[in-house]
Structures are given as structure tokens and as C-alpha cells.
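Here is the structure we will look at, set down as C-alpha cells.
Worth knowing before you read on, the calculation uses all heavy atoms, side chains too, and leaves out hydrogens, waters and symmetry mates. Ligands are counted one by one from 1 in listed order, and the atoms in each one are counted from 1 as well.
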Amino acid sequence: MDKVFISRRIPNKGIETLKNAGLEVKVWGSAIPPIHEELLEMTAQADALICMLSDKIDSSFLKKNTQLKVISNYAVGFNNIDISTATELGIPIGNTPDVLTDATADHAFTLMLAVARKILDSNRSIVENKWKNWEPMGFLGQDLRGRTLGIVGMGRIGQEMARLCQSAFDMKIIYFSNTSKPEIDKKMQAKKVSFEELLEQSDVISVHTSLNEGTKSIFNKEAFHKMKKSAIFINTSRGEVHDEIDLREALGSGIIWGAGLDVTNPEPMSADNPLLSLPNVVITPHIASATVDTRANMALIAAQNIIKGLKKEKLIGFVNPQVYK
Ligand code: DGY
């Protein structure tokens with residue numbers, strides 16, 4: 001009987017699917033994630049692994065676990081895994097695309113509105129007993145109707161965020177992407193632009209790119225200085241895409257207007273991080289895919305990837321299909 005180790009508790013839908021397929025399932029029981037050594041020790045006894053985006057599955061980890069027949073990441077992003085080493089070792093890697101598209105785009109949209117309408121800062125003023133009068137000039141936000149949305153990474157989630165913003169606010173869509181998307185250009189009257197044009201023209205920038213060497217810290221001092229002073233920056237992809245010190249400086253000195261982040265670097269962010277005390281920032285703890293249904297569907301796909309991988313079949317979300325060639 002093949003053994004599967006799951007590095008955190010995930011929704012039952014995934015665990016039951018594995019058990020129904022006749023697999024032996026071991027789940028990390030503690031609410032505190034395993035440290036690297038614990039993860040190594042538990043994985044060494046397994047034929048297959050379901051890991052989290054916070055588990056570092058690097059080259060040395062993989063070389064110590066060549067018995068693994070498949071690894072399934074409980075996330076769509078897979079920057080935590082050394083894919084080229086896994087492929088060299090013949091280990092198929094799975095992820096969970098599609099099922100989290102809507103939830104993640106919904107969250108980016110929520111952050112955009114929360115920043116635009118100063119929801120967190122104005123709520124804080126009540127909690128701190130600072131609301132004394134109705135203020136004609138208090139907490140003035142940004143209108144979004146007809147404004148320009150710049151998407152970085154026009155994949156599934158970027159496209160859904162664009163659709164939401166266009167439906168709700170008739171926003172004009174521009175995007176920066178490595179690939180042209182003629183069908184999107186036509187459907188949304190969207191326009192592919194250079195990174196510089198996107199920075200200069202957008203009223204809201206929403207980041208949906210994967211993290212790689214080309215996207216690491218692309219939002220840095222130089223980039224923030226090219227943005228409009230009224231611009232809102234939203235990041236629901238990976239914290240390493242923006243430089244946190246440069247972002248803080250841009251927000252604190254009025255270089256840009258506000259930011260909504262679901263991702264930080266590092267994660268978790270510490271409670272005394274100075275970004276948290278800025279009035280024009282809304283930060284959530286990497287919860288964009290955290291709805292009951294979405295997390296259950298992610299668990300199902302993660303389990304199905306394991307079952308398929310153990311049978312040497314094509315995974316549902318298949319990061320390195322070349323592994324079978
Ligand atoms: C992912 O799946 O990569 C997301 O970041 C999870 O919310």
C-alpha cells in the first residue's frame with residue numbers, strides 16, 4: 001500500500017479521496033508546521049507528498065527523497081519547489097490551478113475597494129474613539145468608474161480580476177505579459193503594453209504573475225516612482241514581487257496612494273512591521289484562496305494529483321509534464 005504524507009491538515013474531501021483510493025494517509029497533526037528536519041523525516045517514510053506553499057522543497061530535500069513517486073503542491077504557485085531538480089529525478093509535480101481563480105480574483109477586487117474607500121483606516125478611527133463628527137473632507141477615497149486597471153500577469157486570475165473590474169466599474173484594461181492574448185484584447189478591449197507604460201497609465205495595478213527570476217522585486221523604487229501619485233497597488237501573487245522597503249517608502253511619502261497586499265516577504269509578517277501602521281495599506285495573511293469551497297476543491301485536486309502520479313498518469317495540474325518523456 002502506497003503511503004502519502006500531508007504536511008498540514010487539509011479539508012477532508014482530499015483525505016477521503018486518498019483513503020478511498022486505498023492509500024495509507026499520514027497527516028501532520030500539529031497546528032505548527034513541521035520544521036524542515038521534521039518534514040524530511042516524515043517524507044522519508046512516504047511514497048508521495050502533499051506539501052504547502054510554505055514548505056521549501058529544494059534540491060537537497062529532493063535528493064534526500066528520491067523514493068517519492070509524486071509531489072502535489074496544495075497551491076497553484078510552485079515557487080517553493082525546485083522544479084528542474086524534481087524533473088531530473090523523475091518526480092512529477094502537481095499543483096491546483098483553476099479551482100482558486102475566482103476566490104483569488106475576488107480577494108484582489110476586495111482589497112482594491114478596501115484601499116480605494118479607506119475601509120480599514122476609517123474603521124480604525126471608530127475603534128480608537130476618534131470619530132467625533134461627520135466630516136465633509138474626512139476619509140476621501142478614490143472613484144474607480146472608468147479608471148484604468150493594469151494587470152501584471154494576464155493568466156487565469158488576472159483575467160478574472162480584469163473581468164470583475166470591467167463589469168463593476170467599466171474599467172479600461174491594460175496588461176503586461178510575456179505572451180500576447182488576442183482573444184482577451186478582443187473580448188475586453190484590453191491592450192498589452194510595456195511594463196513602463198503600465199506603470200505610467202494605471203490607476204490601479206493588480207499583480208497576478210508567478211514568482212521567478214524575471215519577476216522578483218519588479219516593483220521597486222524605480223517602478224513606484226513611475227506610477228501615478230493617485231495609484232493603488234494590489235498584490236495577491238507572491239510577496240517577493242515587490243520590494244517591501246521601497247513600497248513602504250512610496251506609501252509613506254505619497255509616491256503612490258495606497259496598497260492592498262495578501263502576500264508579504266517574509267510570511268508570516270511580524271506584528272511590528274512598520275507597513276502595518278501606515279493608514280493607506282490593507283494587508284491580509286495570504287488568504288486569497290481561503291473560502292470553504294475553494295480550499296476543499298484544492299484538497300480534491302491535490303489528492304487526485306497524487307492518485308494519478310502513483311499510477312504514472314497525467315496529473316490534473318501538471319507542472320512538469322516533461323518528466324514522463
Ligand atoms: C496559491 O495557490 O499559489 C495561492 O497563493 C494560495 O492562496
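- Classification of K221 and E249 as a salt-bridged pair fails, no side-chain N sitting under 4.0 Å from a carboxylate O.
- Residues L144 and M171 approach most closely at O-CG, 3.5 Å, considering heavy atoms.
- Each of the following atoms of ligand 1 lies closer than 4.0 Å to a heavy atom of H286: 4 (C), 5 (O), 6 (C), 7 (O).
- With a 4.0 Å heavy-atom cut-off, ligand 1 is reached by the backbone of A75 and by its side chain too.
- Among the atoms of V76, some N or O lies under 3.5 angstrom from an N or O of ligand 1.
- Near R238, meaning under 4.0 Å from one of its heavy atoms, ligand 1 places the atoms 1 (C), 3 (O), 4 (C), 5 (O).
- Among pairs with a residue in residues 237-270, those fulfilling ring pair (Phe, Tyr, Trp, His ring centres under 6.0 Å) read F233-H242, at least two apart in sequence or across chains.
- Considering backbone and side-chain atoms alike, G77 places an N or O below 3.5 Å from some N or O of ligand 1.
- Note on K3 versus D47: no salt bridge recorded, every NZ/NE/NH1/NH2 to OD/OE distance being 4.0 Å or above.
- Against a heavy-atom cut-off of under 4.0 Å, S289 is close to the following atoms of ligand 1: 6 (C), 7 (O).
- Ligand 1 places these atoms under 4.0 Å from at least one heavy atom of L100: 2 (O).
- At a threshold of 4.0 Å, the pair D98-R156 counts as salt-bridged, since one of the basic side-chain nitrogens sits closer than that to a carboxylate oxygen.
- We find that E183 and K186 are not joined by a salt bridge, their nearest charged nitrogen and carboxylate oxygen being 4.0 Å or further apart.
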